[in-house]
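Presented below is the structure to which this report refers.
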Amino acid sequence: MESLSTKDIVKKYGFKFSKSLGQNFLIDNSVLQDIVDNSNVSKDDLVIEIGPGVGTLTKELLKKAKKVYAIELDSDLIPILNEELKEFNNFELVHKDALKVDFNELIGEEKSTKVVANLPYYVTTPIISKLLKENYKFESLTIMIQKEVGERIAAKPSTKEYGALSILVQYYCDVEIVRKVSCDSFVPRPKVDSIVIKLTKLLEPKVKVKSKELFFKVVRSSFNMRRKTLWNGLKSLGMKKESLEKAFIDANIDLKRRGETLSLEEFAKLSDCIYELQ
Ligand code: SAM
């Protein structure tokens with residue numbers, strides 16, 4: 001039997017899109033295929049999908065994976081998903097806010113877990129932060145997000161996109177841009193373009209630091225005032241001026257540099273030198 005398209009399913013159930021839930025559903029099969037292919041899902045994998053919508057991407061994942069958990073917040077989509085995906089016995093729906101789910105409970109003893117999603121724009125950054133910071137045992141994250149956010153995640157030092165989000169993601173993952181996606185690939189059509197990126201979790205974080213908390217605090221403080229120097233930004237750490245100055249000297253970092261010029265390795269060195277002097 002020929003699969004119904006996203007538009008057909010929406011019409012069949014008279015589904016009304018919710019703007020506040022970031023509901024822009026994918027209607028472009030080439031993008032769908034690129035997400036599935038790049039996620040490298042096989043019969044050995046557990047897949048966690050965030051925001052299945054009417055299940056278009058879910059269906060393709062179900063054909064490839066050992067099992068798919070799909071986390072959906074919208075109550076109106078639950079009966080639609082249960083009906084449209086009833087032929088699959090490897091499908092389990094989790095009717096919850098993805099921000100409140102303990103992913104390790106879903107992962108359990110699974111050896112290989114991959115997260116795949118066309119994320120709702122309004123919670124992209126909180127979801128990525130949660131997935132990376134809460135130490136979940138997944139291998140990769142293949143996600144479609146707003147283009148600007150994807151460019152910030154992949155950014156290199158000394159570019160205007162480089163910031164705390166680039167460092168957070170690059171600390172934990174290898175970042176690969178899969179493709180750009182036009183806003184015409186969705187219904188309803190969003191105002192902005194999207195990007196598919198693949199984040200592959202590193203076995204160890206990219207840099208070794210004495211205190212992860214302090215490292216991220218230094219990073220956040222450095223980007224809080226983008227137009228000011230790093231020195232001005234880091235005054236907010238509340239250290240004695242002489243100690244902060246010594247930390248800069250020990251780390252071999254010029255006091256006049258701006259946060260956006262520092263590599264991950266330099267942030268690590270500076271935060272370790274600050275750690276020693278606090
Ligand atoms: N996967 C579908 C597709 O590609 O067509 C839909 C993607 S749509 C951009 C985002 C989906 O996430 C919607 O189904 C929306 O209801 C759901 N959603 C929004 N906020 C959520 C949250 N906090 N937790 C789980 N799902 C959420």
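In each ligand, atom 1 is the first atom listed, and ligand 1 is the first ligand listed. For the numbers below, each heavy atom of this structure counts, side chains included, while hydrogens, waters and symmetry mates do not.
Ion pairing between a basic and an acidic side chain is recognised when a charged N comes within 4.0 Å of a carboxylate O; K210 and E276 show such pairing.
Side-chain N or O atoms of R220 include none that pairs as donor or acceptor with a backbone N or O of N224 at under 3.5 Å.
Between F267 and Y171, every side-chain heavy-atom pair lies at or beyond the 4.5 Å cut-off.
When each of L93, V54, D74, I9 is tested with L81 by the rule side chain to side chain contact (heavy atoms under 4.5 Å, CB included), just one qualifies, namely L93.
Protein residues with a heavy atom under 4.0 Å from ligand 1 are L21, G22, Q23, N24, F25, L26, E49, G51, P52, G53, I71, E72, L73, D74, L77, K96, D97, A98, N118, L119, P120, Y122.
There is a side-chain donor-acceptor pair under 3.5 Å between T56 and T6.
Ring geometry for Y136 versus F103: interplanar angle of 30 to 60°, hence tilted.
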